Every structure is written in C-alpha cells, then in structure tokens.
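This chain uses plain numbering: 1 for the first residue, then up along the sequence. It should be emphasised that the depicted structure is a prediction, and the values quoted were computed from it without experimental measurement.
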Amino acid sequence: MSQESQSSVQRVVEALRAEIAQLQPGARLLSQHALSERLDVSRDTVQRALRELRAEGLITSTTGSGSFVAETTGEGGDEGGDGDELEPAIIALDHYLDDALREEHVTIDFFGFSAETLTTLLKPRLDRLKLARSFHPDSLKIRLLLPTTDVRLALPRAVDNPKDPRPLERLRRMTTGFVDVLQEAVNELRVREVVPEASLQVMAVPMTPQVKLYVINREVALRGWYEVERAPVEVPVSEDGRETELLEIYDLMGLDASLIRQRPSAARKAQTWFESVWNTIAVEWPGDADQLAGDPLV
C-alpha cells in the first residue's frame, strides 16, 4: 500500500473513531457508499478503514446489514481476544493478501496442515505480479510451518485402522505438491527480478495443527479452527498407484474453516508464538523424502 493510500485509510479511521465515540453501542454506521462520498475517498479505502476498526473491536459487521458500534469497544482485558468477523478461509484471506502485496516489504507466516488455501489464493497473485507494469514489492518472504509425517500424527487417520500409513502418505504427497507449486512461483519472481528478494522457507513440526494461523506483514493475524470430518478418499492399493480404493478417514478441513482477524495485541502474540516454534522445535521440512517411521501396519 502506498504512503498516500495508507494516509487516506488512517484519515478515515480517525474520523470514524471520533464518530463512534459519540454513538451508542449497537448504533449503525453509514453505508460504505455514503461514507466514501462524505469523506471523499474510494470505497476500497472505506473498507480498509472498517477492517481496522473491526480488528480494534470498535465495530462489528454483518453481511447485508452493515457495520455497528460494538457493545464493548477497544481491546479491554481480553489480551488474546478475537475480532468479530468470521468468514471461510478461502474468502477471508483474499483481501488481506491483496493488501499485503501492495506493501514494499511483504512477509507471510503460516502454520497449518497443508498450505492448500494459501497456495490456491497466493499462486495466481504471484503470477500476476510477473505481468504487472506498475508496483512490485521489493521483497517477499514466505515461511511455512507444516506437520512432519515421519511420525504418527493424530490426524489424518483411517477410521477403521488408525495404524494404516496411507492417510499420512496421502498428506505428504498433497503437501509436497502445494509447496512445489508455491516454490516455483516464488523462484520465478526472483529469477526474473520481478521481486529481487523473494524466498520461501518450509519447516516441519511433529504436531497435528488444531488451528491454522496466518501472520501477514507482522501486523495482521488470522486464525481459524480446523474441524475434524469423516471423508472418503482415494488411496493406492498397488505399488504403481494405478489401482486405488476408497478409504474412510478422519481428516482436517481447511478451505472452508472460518478465519477471524485477531486484535492487535493478539496479533503480536501470534507472531511471538510463531517465532518461538520456528526457532526451537522446527526442523527442515524434507518434502517428498519424508517417510513414515516404524513398520507400516495396514
């Protein structure tokens, strides 16, 4: 985001903060269209300002109804508190990535299951950077904390046989594919000198993520809970992989897991937590070389 556009957003934020201070909890703010006309800014600027106010806990928003003064404003005593807006990850992450890639220096830290959502949304944006003739970030640093599959994780697992190694092998293949796609996109940006300092680092931790966490540009933190679901998946039954069968597994669902933006204090703690894991128990992610330890018991 340019300094000029950031200044416009902050001007709108300050104006709305002053207005909110004079309103009763539950009072409805003007529509985005009305605010953009009254404050002489674009609707996009109004949307960014409203997102900041939601993150601060000053307002709540309901799709189709508008924005309202929160019942309890500010962060209060809830140091780990959340914002108020819940959206599926595949939708919620969209505009945050767009905002991030307008900055000169971009950092994206992710902790989660397979990086499917991040790869799905970020890959086309990185490809578009190669075609854009205007602004490009000077640097892009992406870090992924993913579960290792060289130990038996709690999930995914077969419903009828928790020791069946095939769900973990499937996770390894899927995750390797997502990482490879993202790595190729990042490498192209660097090789073509579109983003001179572009890097992707992947580390592994021996744990099954219960939540997915994104920390973007060290300021915005988005958190969502994975739900455990029973689902049929295809797994190979022959060594060449040509013959498959359906296997019922317990798996973690991430694409539609709702994300909620954390308040500023919680965002700082999220970054601190990420760094603590990255710098202590995380090890280099071995990718496709990762093999399940122990004797396979099918």
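The closest donor-acceptor contact from the side chain of E197 to the backbone of V195 lies at 3.5 Å or more, if one exists at all. Within the 3.5 Å criterion, the main-chain N or O of Y214 finds no donor-acceptor partner in the side chain of Y96. N217 places a side-chain N or O within 3.5 Å of a backbone atom of T107 that can act as its donor or acceptor partner. Under a 3.5 Å cut-off, the side chain of H136 and the backbone N or O of L129 do form a donor-acceptor pair.
Residues L168 and V151 share a hydrophobic cluster, clusters being chains of Ile/Leu/Val/Met/Phe/Trp/Tyr side chains in contact below 4.5 Å. Hydrophobic cluster membership differs between M253 and L155, with clusters built from Ile, Leu, Val, Met, Phe, Trp and Tyr side chains linked at under 4.5 angstrom. Placement of L189 and L121 within a single hydrophobic cluster is found when ILVMFWY residues are connected by side-chain heavy-atom separations under 4.5 Å, directly or transitively. Neither L171 nor V237 shares a network with the other; the hydrophobic side chains, linked directly or stepwise wherever heavy atoms of I, L, V, M, F, W or Y lie under 4.5 Å apart, form separate groups for each.
Partners of E193 under the side-chain contact (heavy atoms from CB on, under 4.5 Å) rule, at least two apart in sequence or in another chain, do not exist in this structure. A search for side-chain hydrogen bond (donor to acceptor under 3.5 Å, both in side chains) contacts involving T244 returns E234, not counting sequence neighbours. A search for side-chain hydrogen bond (donor to acceptor under 3.5 Å, both in side chains) contacts involving E184 returns nothing, not counting sequence neighbours. The side-chain contact (heavy atoms from CB on, under 4.5 Å) test applied to A115 returns F110, T119, L144, L146, not counting sequence neighbours. When the side-chain hydrogen bond (donor to acceptor under 3.5 Å, both in side chains) test is applied to S31, no partner is found at least two apart in sequence or on another chain. Residues forming a ring pair (Phe, Tyr, Trp, His ring centres under 6.0 Å) with F178 (at least two apart in sequence, or on another chain): none. Under the ring pair (Phe, Tyr, Trp, His ring centres under 6.0 Å) criterion, F68 pairs with no residue, sequence neighbours left out.
For residues 33-45, the set of pairs meeting the salt bridge (charged side-chain N to carboxylate O under 4.0 Å, His left out) definition, not counting sequence neighbours, comprises E19-R38, D44-R48. Within the structure, salt bridge (charged side-chain N to carboxylate O under 4.0 Å, His left out) pairs that include any residue of residues 106-122 comprise D109-R143 (at least two apart or interchain).
Annotation: the span from L140 atom CG to E104 atom CD amounts to 14.0 Å, rounded to 0.5 Å. Put simply, CG on L182 and OG1 on T120 are 10.0 Å apart, with the number rounded to the nearest 0.5 Å. In this structure, NZ in K123 is found 3.5 Å from CG in D127, a value given to the nearest 0.5 Å. Considering CZ of R157 and NZ of K163, their distance stands at 12.0 Å, rounded to 0.5 Å. The CG atom of L213 sits 8.0 Å away from the CZ atom of F111 when rounded to the nearest 0.5 Å. Atoms CD1 and CD1, on I216 and I108 in that order, are 6.0 Å from each other to the nearest 0.5 Å.
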Note to self: With salt bridge (Lys or Arg N to Asp or Glu O under 4.0 Å) as the criterion, how do D98 and R102 come out once you've worked through the C-alpha distance, each side chain's angles and the decisive distance to 0.1 Å?
What the structure shows: CA-CA 7 Å; D98 285 338; R102 294 188 182 101; 5.3 Å; no
Note to self: With side chain to side chain contact (heavy atoms under 4.5 Å, CB included) as the criterion, how do L222 and I260 come out once you've worked through the C-alpha distance, each side chain's angles and the decisive distance to 0.1 Å?
What the structure shows: CA-CA 5 Å; L222 306 168; I260 188 167; over 6 Å; no
Next item on the list: May I have the step-by-step check of side chain to side chain contact (heavy atoms under 4.5 Å, CB included) for R230 and V159, ending in yes or no?
Entry: CA-CA 8 Å; R230 179 170 175 159; V159 172; 3.8 Å; yes
Margin query: side chain to side chain contact (heavy atoms under 4.5 Å, CB included), that's the test. Do R223 and K212 meet it? Break it down for me.
Written below: CA-CA 6 Å; R223 186 185 69 183; K212 57 175 13 181; over 6 Å; no
Checklist line | Check against side chain to side chain contact (heavy atoms under 4.5 Å, CB included), L29 and I59 | finding: CA-CA 9 Å; L29 301 185; I59 64 171; 4.0 Å; yes
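For the residue pair V186 and A198, the shortest heavy atom distance occurs at CG1-C, 3.7 Å. The two residues E248 and P232 have their closest heavy-atom pair at OE2-CB, 3.6 Å. The two residues G112 and P147 make their nearest non-hydrogen contact at O-CD, 3.1 Å. Closest approach of G224 and L259 over heavy atoms only: N-CD2, 3.6 Å. Residues T148 and L153 approach most closely at O-CD1, 3.4 Å, considering heavy atoms. For the residue pair R190 and P196, the shortest heavy atom distance occurs at CG-O, 3.6 Å.
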Which atom pairs, one a donor and one an acceptor, fall under 3.5 Å between side chains of residues 199-210 and the rest of the protein, sequence neighbours left out?
{"residue": "T208", "atom": "OG1", "partner": "A154", "partner atom": "N", "Å": "3.1"}

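Under the 4.5 Å side-chain criterion, counting only non-hydrogen atoms from C-beta, V69 is not in contact with L58. Side-chain atoms of W285 and V179, non-hydrogen and from C-beta on, do get closer than 4.5 Å to each other. Between R11 and V41 the shortest side-chain heavy-atom distance falls below 4.5 Å. Residues V228 and D251 have side chains not in contact (no heavy-atom distance under 4.5 Å, counting atoms from C-beta outward). Residues H105 and S139 form a side-chain contact, since some pair of their non-hydrogen atoms from C-beta on lies under 4.5 Å apart. When side chains are defined from C-beta on, P156 does not count as touching Y250, because their heavy atoms never get closer than 4.5 Å. A 4.5 Å side-chain heavy-atom check between V220 and R261 finds at least one atom pair inside the cut-off.
Judged purely by distance below 3.5 Å, without hydrogens or angles, the side chains of T45 and S42 pair a donor atom with an acceptor atom. Residues E219 and Q271 bring no donor and acceptor atom of their side chains to less than 3.5 Å of each other.
The residues R172 and D150 are annotated as not salt-bridged, no charged nitrogen and carboxylate oxygen being separated by less than 4.0 angstrom.
Results of the salt bridge (charged side-chain N to carboxylate O under 4.0 Å, His left out) test with E56 over R17, R51, R263 single out R17 as the only residue that passes.
Listed by chain and number, the hydrophobic cluster partners of V283 come to none, as no ILVMFWY side chain reaches under 4.5 Å of it. Other cluster members for V233: V235, L247, I249, joined by side-chain heavy-atom distances under 4.5 Å among Ile, Leu, Val, Met, Phe, Trp and Tyr.
By the 6.0 Å contact criterion, CD on E275 is enclosed, its count of non-hydrogen atoms from other residues, nucleotides or ligands being greater than 12.
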